[in-house]
> 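Got a structure here, written out as structure tokens. Questions coming.
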Amino acid sequence: MIKTPIFITNFKNCEQSTGKNALELAKIHERVALETGKTIGICVSACDIFRIAQEVSIPVFAQHVDPIDFGSFTGQILPQNIKNSGAIGTLLNHSERRLSNEVLKDSITYAQKASLARIVCAESPEEVSQFSEFDPDFLAFEPPELIGKTNVSVSSEKPTSIKESVALSQGIPLLVGAGINSPKDIKVAMSLGANGFLVATAIIKSPNPEESLKNFVSVME
Ligand code: G3P
């Protein structure tokens with residue numbers, strides 16, 4: 001059972017958050033989690049999961065898995081291998097890795113079979129409603145046009161959509177993300193009912209990721 005509210009940094013495939021740099025960033029996240037007692041997870045490249053999961057105690061998520069079991073599937077990401085490598089869950093259907101509804105449903109099934117928690121991303125409140133039927137552990141509302149922004153965010157631009165998404169999520173915990181760049185964004189989204197956050201740029205590209213992370217989670221009640 002993953003405790004909420006949860007703050008998850010999506011490491012994507014940035015230079016600052018892959019390979020050796022990913023491990024250092026992961027350790028920063030662990031340090032802040034231990035110091036603050038907040039639930040902090042990281043969502044890392046499949047290439048980095050095994051090493052990172054061996055070295056940190058915080059929840060590690062994959063960014064994607066494919067709907068496959070053991071077998072001859074060259075180049076695909078096997079959910080059971082992600083689990084065996086030490087991840088506890090996976091993102092699915094991120095805006096940068098969109099899936100058809102059929103593939104998404106299958107991916108959820110295979111991830112569940114491998115005992116991975118499933119965070120299903122949605123681009124609108126309508127998709128939140130639709131994907132809530134697919135049996136995810138978390139839904140994540142991320143308006144794609146706000147991803148990577150540093151001066152506007154889902155909280156500043158889409159408060160009504162956050163509220164709607166919470167109402168349409170059928171009790172499934174709802175994360176929000178896209179452009180989150182200040183503690184105020186966290187506070188606003190929480191006041192609207194969000195149960196957690198997916199953040200990338202504001203941590204990965206921060207001149208001081210540790211400080212930024214502390215600032216964000218300090219207002220996460
Ligand atoms: O999954 C989180 C991500 O898409 C949000 O990115 O850079 O807007 O925080 P960013």
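What you are looking at is a predicted structure, and each value in this text was computed from that prediction instead of being measured. Counting convention: from 1, in listed order, for ligands and their atoms alike.
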> Check whether the ring centres of Phe216 and Phe7 lie less than 6.0 Å apart, and answer yes or no.
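So the answer is yes for these two rings.
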> Considering heavy atoms of the protein only, find what lies nearest to atom 4 (O) of ligand 1 and give residue, atom and distance to 0.1 Å.
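Scanning the protein heavy atoms, the shortest distance from atom 4 (O) of ligand 1 goes to His94 NE2, 2.8 Å.
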> Show me which atoms of ligand 1 lie under 4.0 Å from any heavy atom of Glu142.
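Near Glu142, meaning under 4.0 Å from one of its heavy atoms, ligand 1 has 1 (O), 2 (C), 3 (C), 4 (O), 5 (C).
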> Below 4.0 Å from ligand 1: does a non-hydrogen atom of Gly177 turn up there or not?
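Flag not set, Gly177 not near ligand 1.
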> Counting only nitrogen or oxygen atoms and a 3.5 angstrom limit, does Ala200 reach ligand 1?
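Yes - when backbone and side-chain N and O of Ala200 are compared with those of ligand 1, one distance drops under 3.5 Å.
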> Return the option from Cys121, Gly148, Ala202 holding the heavy atom at the smallest distance from atom 8 (O) of ligand 1.
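Of the listed residues, Gly148 has the closest heavy atom.
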> Indicate yes or no: does an N/O atom of Gly179 lie under 3.5 Å from an N/O atom of ligand 1?
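In this structure, Gly179 places an N or O atom under 3.5 Å from an N or O of ligand 1.
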> Looking only at distance, does Lys12 have an N or O less than 3.5 Å from an N or O of ligand 1?
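Checking ligand 1 against Lys12, an N or O pair does fall under 3.5 Å apart.
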> Report yes or no: do Glu96 and Gln63 form a side-chain donor-acceptor pair below 3.5 Å?
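No, Gln63 and Glu96 have no side-chain donor paired with an acceptor closer than 3.5 Å.
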> Measure the spacing between CG of Leu198 and SG of Cys43 and express it to the nearest 0.5 Å.
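If we round to the nearest 0.5 Å, Leu198:CG and Cys43:SG are 7.0 Å apart.
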> State which residue, out of Arg98, Glu142, His94, fulfils the side-chain contact (heavy atoms from CB on, under 4.5 Å) condition with Glu123.
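Passing option: Arg98.
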> Looking at side-chain heavy atoms only, is the closest gap between Glu145 and Lys158 below 4.5 Å?
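Yes, side chains in contact.
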> CD/Glu24 to CD/Glu210 distance, rounded to the nearest 0.5 angstrom?
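Taking CD in Glu24 and CD in Glu210, the distance rounds to 12.0 Å.
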> Is there a polar contact, in the sense of an N or O pair closer than 3.5 Å, between Thr201 and ligand 1?
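By distance alone, the answer is yes.
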> Before accepting this row, confirm whether a basic side-chain N of the pair Lys105/Glu102 lies closer than 4.0 Å to the acidic partner's carboxylate O.
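Yes, charged N to carboxylate O under 4.0 Å.
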> As an exercise, identify every atom of ligand 1 less than 4.0 angstrom from a heavy atom of Val199.
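Selected atoms, number and element: 9 (O).
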> Can you list the atoms of ligand 1 that are under 4.0 Å from a heavy atom of Asn10?
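Checking each atom against Asn10, I get 1 (O), 2 (C).
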